[in-house]
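Here the structure is laid out as structure tokens; the discussion comes afterwards.
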Amino acid sequence: MAEEKPESALTVLLAFGANLGIAVAKIIAAVVTGSASMAAEAAHSVADTFNEVLLLVGLRRSTRPANRRHPFGYGKERYIWTLLVAVAIFGMGALFAFYQGVETLLGHHHGDEPDPLVGYVVLGVSFLLEAISWQQALRQVRSDARAEGLSTIVHIRRTDEPTSISVLLEDSAALIGLLLAFAGMGLHQLTGSAVWDGVGSVLIGVLLTAVALVLGRINLNLLIGSQADPRIVADVRARLAAAPEVEQVVDVLTMIVGADRVLVCARLDFRDVLTSAEMERACVRLDHELREAHEEIDEVFLEPVPRDDPELRARVIARYGGALGHKGSATS
């Protein structure tokens, strides 16, 4: 199975170190200044630090080899841990930010920021550290996108490796959150009204909620079982259809079972003149050809079926909107 990418671990470790230092500094600054926005950002950084630990655990556990109990390996476990990251961002970061903001807006938050300069210094240093981590995450995401021949946006939508995406989204939210905290503190100081500080905290909560929803959606799709890259699906179908032993490709099913790991199942109508031995040798050869063509393909299952079976045809049409080879089929 695919080995853990060293670049992914480096990205997470760099983010962990940055977030840990930033969290400690923000907590101290929140106590000194009494700022709701700073307190919300402190909770944000604490959540991010905890999240990097979850990502590291997911990276390690998902690379365990397949065994009798888990014949397809542990690749999907990475998605569970990354989904927990989304839950933590909302539970530890967003909810606390909302709480701090609402408390301030209702006038229950006291503190006149005795030394706002401390907060500004911490925000500035935090921005620089977060920018370093963000740059590393963006570099990896772009590198992965180029390797797949995709744009960065399309890669994020199709990725089966959400770890670096998680760090990139976290760091992007952190940079925007720091600007919101700076604005909240600054307007509080300029106007003397703590309402701006509360608004900044609420906006940070909205930002973290949005990031949590995006991450949750990405990992939910992967856990449910997403189709492989459409380009892989199209090539698999073309290679099977081109085989001299195959009369027609009846159905092709693919599923992502881990980072850079794809399961392929195909139903084929073999030529009637083939003997059982010839059909067996054809299946073995096609298995090798598909694996050699796409290193992501981990397991291949080929099933001989008649093309005119009405029940099977109905299931294919229900899934793809038409028989394979028609518009709106498996590769669309």
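Numbering of residues begins at 1 and proceeds along the displayed sequence.
- Legend: residues meeting side chain to side chain contact (heavy atoms under 4.5 Å, CB included) with Leu274, ordered by chain and number and at least two apart, are Glu245, Phe270, Arg271, Glu278.
- The existence of a salt bridge linking Asp235 and Arg239 is confirmed by a sub-4.0 Å separation between a basic side-chain nitrogen and an acidic carboxylate oxygen.
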task = For side chain to side chain donor-acceptor pair (under 3.5 Å), just list the numbers for Asn221 and Tyr79, CA-CA rounded to whole Å, side-chain angles, deciding distance to a tenth of an Å, and then say yes or no.
result = CA-CA 9 Å; Asn221 289 335; Tyr79 308 144; over 6 Å; no
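- Between Ser226 and Met255 the shortest side-chain heavy-atom distance does not fall below 4.5 Å.
- Between Arg158 and Asp229, at least one side-chain nitrogen of the basic residue sits less than 4.0 Å from a carboxylate oxygen of the acidic one, meeting the salt-bridge criterion.
- Closest approach of Leu240 to Ala266, counting heavy atoms only: CD1-CB, 3.6 Å.
- Applying the 6.0 Å contact sphere to CZ of Arg231 captures more than 12 heavy atoms from other residues, nucleotides or ligands.
- One finds the CG atom of Leu263 at 8.0 Å from the CG atom of Asp298 (value rounded to the nearest 0.5 Å).
- A distance of 4.5 Å separates CG of Asn19 from OG1 of Thr49, quoted to the nearest 0.5 Å.
- Residue Val262 comes nearest to Val257 through the heavy atom pair N-CG2, 4.3 Å, listed as atom of the first residue, atom of the second, then distance.
- Considering only heavy atoms from C-beta on, Leu175 comes within 4.5 Å of Phe127 through its side chain.
- Arg142 pairs by the side chain to side chain donor-acceptor pair (under 3.5 Å) definition with nothing, not counting sequence neighbours.
- A salt bridge links Glu299 with Arg291: the closest approach of a Lys/Arg side-chain nitrogen to an acidic carboxylate oxygen falls below 4.0 angstrom.
- For the residue pair Arg261 and Gly75, the shortest heavy atom distance occurs at NH1-N, 4.0 Å.
- With sequence neighbours left out, Ser172 forms a side chain to side chain donor-acceptor pair (under 3.5 Å) with Trp134.
- Using cut-offs of 30° and 60° on the angle between ring planes, the pair Phe72 and Phe301 is perpendicular.
- Surrounding CG of Asp272 are at most 12 heavy atoms belonging to other residues, nucleotides or ligands under 6.0 Å away.
- The side chain to side chain donor-acceptor pair (under 3.5 Å) test applied to Glu303 returns Arg267, not counting sequence neighbours.
- Atom OH of Tyr99 has 12 or fewer neighbouring heavy atoms from other residues, nucleotides or ligands inside a 6.0 Å radius.
- Electrostatic pairing of Arg307 and Glu247 counts as a salt bridge here, judged by a charged N lying under 4.0 Å from a carboxylate O.
- Remark: His288 pairs with no residue by the side chain to side chain donor-acceptor pair (under 3.5 Å) rule, at least two apart or across chains.
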request  = Walk me through it: do Gln136 and Thr11 pass the test side chain to side chain donor-acceptor pair (under 3.5 Å)?
outcome  = CA-CA 6 Å; Gln136 166 62 24; Thr11 298; 3.1 Å; yes
inquiry  = Run Gln227 and Thr254 through side chain to side chain donor-acceptor pair (under 3.5 Å) and show every step you take.
reply    = CA-CA 5 Å; Gln227 174 185 261; Thr254 63; 4.6 Å; no
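- Residue pairs meeting the salt bridge (charged side-chain N to carboxylate O under 4.0 Å, His left out) criterion with at least one member in residues 20-34, sequence neighbours excluded, are Lys26-Glu41.
- Here CG of Leu178 is found 10.0 Å from CG of Leu129. Values are rounded to the nearest 0.5 Å.
- Ala94 and Gly205 get closest at one heavy-atom pair: CB-O, 3.6 Å.
- The neighbour count for Phe182 CZ, taken as heavy atoms of other residues, nucleotides or ligands under 6.0 Å away, does not exceed 12.
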